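All heavy atoms count here, side chains included; hydrogens, waters and symmetry mates do not. Quick caveat, the model's predicted, so the values are computed rather than measured. Within every chain, numbering begins at 1; the chains are lettered A, B, ... in the order of the sequence lines, protein sequences first and strands thereafter.
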Amino acid sequence: MSWGFTRHDALRRFLSVQYGRVRSHNSNLFDMEPDNLPSTNDSSSAEEDFDSLVLFGMLRGNVVGLRYYTGVVNNNEMVALQREPNNPYDRNAVKVNNVNGEQVGHIKKELAAALAQIMDRNLAKVEGIVPYGAQNAFTMPVNLSFWGREENKQGVLDHMKKYGFKLGPIQQSSQGFQGSFSQRAHSQYNAPSLPAMQMTTEQLKTEFDKLFEDLREEDKTRELEPSEAVETSLLPHQKQALAWMVSRENSNELPPFWEQRNNFYYNTLTNFAIKEKPDSVKGGILADDMGLGKTLSIIALILTNFYDGKPFPVGKDIYGKSSLQDKSLVEDDSGKSSKKKHAMRKIDETHEIASSSKGETRPKRRQKAGKAKYTLSDSEEEERIPRKVKAPLACSVVDDDDFATALFGTLPAVKKKTKKKGIVKSSTDISTKYDTQMHQRTTLIICPLSVLSNWIDQFEQHVKADAKLNIYIYYGAERNKNPDFLSKQDVVLTTYNVLTHDYGNESPLHKIRWLRVVLDEGHIIRNPNAQQTKAVHSLDSERQWVLTGTPIQNSLKDLWSILSFLKLKPFTDREWWHRTIQRPVSMGDQGGLRRLQALIKNITLRRTKTTKVNGKPVLQLPERKVYIQHIKLSPEERQIYETMQNEGKNIIGRYFNEGTVLTHYADVLAVLVRLRQLCCHPHLVPTSLSGSLSGSSTPDELREKLVNKIKLVLISGSDEECSICLDSLNMPVITRCAHVFCKECICQVIYRKQPNAKCPMCRGEVRLEHLLECPEEESDMSDHEQKWISSSKINALMHALTEQRNKDPRVKSIIVSQFTTFLSLIETALRESGFTFTRLDGSMNQKKRTEAIQSFQRSHNDSPTIMLLSLKAGGVGLNLTAASRVYLMDPAWNPAAEEQCFDRCHRLGQTKEVIITKFVVKNSVEENMLKIHNKKRELAAGAFEGNKQTSSEIKQARINEIRTLVDL
DNA sequence: ACCGCCGGGTGCC
DNA sequence: ACCGCCGGGTGCC
């Protein structure tokens with residue numbers, strides 16, 4: 001299999017950017033004429049590698065032409081330098097802009113002539129601080145600092161010298177956040193009494209981890225009762241989230257790092273001042289751990305703070321009840337009250353109309369009697385809720401139409417609205433009033449496709465029927481792209497992919513000013529250059545919320561995109577974020593870290609599962625017990641196992657002697673997988689996989705063997721990491737020497753080393769056209785046709801299940817294995833014993849998955865009591881709380897994968913004690929795997945971001961693992 | 001710009 | 001005077 005031309009080209013383009021980083025260190029090049037200054041050939045490297053830049057030196061220059069521009073600066077204010085190559089008077093021109101992006105002037109031409117080359121070729125980033133900005137009518141001084149890669153330093157210095165500029169050390173009046181030489185008079189930045197110490201990577205990491213701890217504050221512990229329209233009663237920590245979010249949305253307070261001084265608003269980071277009040281950040285980051293109910297919190301927010309601090313209207317008696325009864329949650333109430341009342345009345349009218357016009361279109365909902373309690377799901381309550389999501393949710397990415405149809409089928413109200421012209425019409429009238437006279441009403445929620453149906457469910461579940469919330473799912477080929485229609489909804493739900501697809505393409509989503517935009521799994525936009533991120537940043541809204549469980553996933557860099565989305569000035573421009581926070585922090589500057597902490601504290605609410613509310617843990621999950629059940633193989637099974645084990649030991653032992661374990665890693669894994677499979681069931685070892693790679697035959701045969709190998713590697717679950725990027729495999733491909741890497745990683749290696757690229761694992765030849773991808777999972781139930789027999793493990797499982805059924809037939813169980821064929825064998829046993837079950841594995845499309853999950857989670861009598869689950873199926877969001885028993889049929893390589901799997905039922909919503917049984921075959925590779933688990937856990941506990949294992953360490957660790965596994 | 005620079009006007013005291 | 005000096009015009013890149 002090889003790739004088409006377009007792929008190649010795209011890749012080449014990608015690589016040309018990446019590869020610019022590897023550049024010549026030959027500084028002699030700088031001795032040539034200016035025009036021969038070496039180019040980094042990389043327009044973005046200085047940006048991307050911001051953290052690794054060093055300070056070359058500083059220089060006092062002049063800004064001229066002030067009188068032609070409106071931008072002003074203060075004393076000690078930061079300014080940005082920007083090349084202006086198309087200036088008609090001087091192609092070397094360099095503009096000077098203030099923090100707001102307004103032009104202040106130009107760099108004087110002699111200096112600009114020197115700078116232009118350096119800036120254009122990205123040899124240094126030049127930053128300015130104006131020491132005396134005030135009251136300069138024509139020119140002003142500027143202190144320039146030059147930052148770049150170490151290897152470019154001498155060249156830049158020489159180049160500047162040639163033009164008569166000498167970069168010096170730090171000048172007296174200079175300002176900035178360069179830690180040790182920060183000489184700011186402002187108290188916030190007083191030099192520490194002790195000499196500034198560069199923090200180690202580890203210290204920094206620790207500080208990082210602490211960032212999100214201990215965010216307890218007054219305003220985050222206050223609780224707020226949700227609007228009547230919220231069906232579910234909130235847990236205390238959710239009421240806290242609600243109070244915090246409402247107060248942020250209605251807040252008028254200055255964003256972090258802004259102060260009011262005289263008649264100006266003053267940014268204490270950049271010293272920028274402006275007359276107009278900077279917009280308050282009406283939103284933030286809700287970074288609660290998974291399972292704490294971020295979705296519910298947002299739904300409560302939408303309903304509780306719908307307009308002007310007032311809740312979404314419910315039923316008929318809207319004005320009298322909800323609006324007046326609730327104390328206004330708005331911060332400043334001065335002088336506006338009469339106007340507001342007027343406004344409210346209008347809303348009420350519109351809602352009256354809305355209610356009557358839409359009443360007929362809504363599906364019949366549960367007739368409410370009394371307050372609904374948020375019992376932690378399960379039986380009775382579930383039973384009372386007629387689930388409308390009966391239609392299978394087709395979320396297939398390929399077939400948009402299907403999905404849309406399925407979704408509309410799910411929400412009849414929406415469907416009818418789109419089809420029936422009359423109803424749309426009436427809602428038009430209503431909404432015109434809403435929009436033009438008063439305010440935006442629509443909340444836009446953007447989420448990954450995988451959780452779209454979850455949002456729909458949650459709205460169904462948590463919104464009271466007579467609240468009549470309009471929800472439109474903007475998804476599928478038939479989606480309604482009329483901005484007027486969309487802005488009449490209360491909630492529009494869409495996915496990142498749809499948003500990105502629409503972007504720049506007459507996107508209605510980008511034409512509307514939203515009341516509120518919510519990003520679910522907000523870390524998705526962490527790459528500032530991704531189209532997705534740009535699409536999100538170009539949305540227009542009053543209030544912005546980011547939901548994420550992992551606010552800083554890899555590093556501080558990831559935060560910028562979120563801050564920019566939150567419209568946090570001046571960070572919307574990446575330069576100011578870099579200069580004031582990111583670089584200082586990564587350089588170990590304490591002040592920078594303090595500022596970062598202050599910032600996070602201001603905009604983030606984060607609770608973990610262990611956070612306490614009023615002295616009690618935020619989540620009181622029932623207990624979880626893990627048992628290991630040892631299995632003794634039957635004599636027949638043992639005999640087959642021993643035979644395979646001896647064979648395997650011979651093979652692997654030979655590799656050890658030859659020192660070629662890693663060269664034959666795929667073969668080693670094959671042996672191990674077969675042993676593991678034999679622990680489960682003898683039929684799992686497919687005869688087709690028994691051939692070895694040596695003595696390769698026809699190309700077709702070779703190809704097939706390789707494909708089998710990559711399948712094996714993937715199925716084995718062992719090689720989850722690519723040994724080039726040391727991250728989890730992304731689009732895995734296999735080389736001819738049978739090693740598996742991310743497609744991107746190995747392609748980079750091939751391009752870099754061409755034409756003689758070698759495999760990073762075994763130094764064998766690798767060629768692009770030899771790479772093979774793993775073909776789509778064909779349902780190869782290879783040896784499934786054999787006559788069915790049980791196995792020791794299956795017997796043990798069935799024994800446990802039957803015993804459980806006798807005790808309590810309603811208890812539900814999850815049966816987990818990494819081998820889908822094993823799950824199929826178990827199916828037969830389950831059928832024989834009359835168990836009802838459903839199944840979830842990687843080969844199922846979204847529609848089938850949703851179907852399986854929903855039928856299992858239901859508590860009807862005919863709902864299956866068992867879920868067969870393949871270990872890696874389903875993302876972290878998978879919720880299987882209906883089960884309280886987990887049977888792990890075979891140990892995973894990575895203990896974290898097991899944990900994650902257990903958490904699918906041991907999470908918010910679980911009311912029963914969870915009992916987990918791990919089946920482990922005595923005297924087998926499985927027992928040895930448990931030993932490795934402990935080592936891996938230790939490793940994970942001590943692993944810091946900075947000191948990831950090197951690839952050679954990983955190799956050695958793998959060799960050691962193999963030794964342990966096969967007792968060699 | 002309360003500068004520098006340009007270039008025209010001007011030229012004993 | 002192929003100078004100096006004066007004072008008006010002028011002024012980013």
task = May I ask you to decide if the ring planes of A:His106 and A:Tyr69 are parallel, tilted or perpendicular, using 30° and 60° as cut-offs?
result = perpendicular

ask   = For atom C1', what is the distance between C:dC6 and C:dA1, given to the nearest Å?
value = 15 Å

inquiry  = Could you work out, with side chain to side chain contact (heavy atoms under 4.5 Å, CB included) as the rule, every residue matching A:Lys109, not counting sequence neighbours?
reply    = A:Asp90

request  = Could you check how far CD of A:Gln135 sits from P of B:dC2, rounded to whole Å?
outcome  = 16 Å

remark   = Those residues at least two apart in sequence (or on a different chain) that pass side chain to side chain contact (heavy atoms under 4.5 Å, CB included) with A:Val72 are none

message = Under a 4.0 Å threshold between the charged nitrogen and the carboxylate oxygen, would A:Glu506 count as salt-bridged to A:Lys511?
response = yes

query = Counting distance only, does the side-chain N/O of A:His510 pair as donor-acceptor with the main-chain N or O of A:Gly504 below 3.5 Å?
reply = no

ask   = C:dG9 pairs with which nucleotide, Watson-Crick or G-U wobble, both distances below 3.5 Å?
value = B:dC5

key: salt bridge (Lys or Arg N to Asp or Glu O under 4.0 Å) assessment of A:Arg91 paired with A:Glu84   = CA-CA 7 Å; A:Arg91 57 191 189 93; A:Glu84 194 184 16; over 6 Å; no

message = Treating primed atoms plus P, OP1 and OP2 as sugar-phosphate and everything else as base, which nucleotides of nucleotides 8-13 of chain C get B, S or - for protein heavy atoms under 4.0 Å?
response = ---BBB

ask   = Using the C1' atom in both, what is the distance from B:dC2 to C:dC13, to the nearest Å?
value = 26 Å

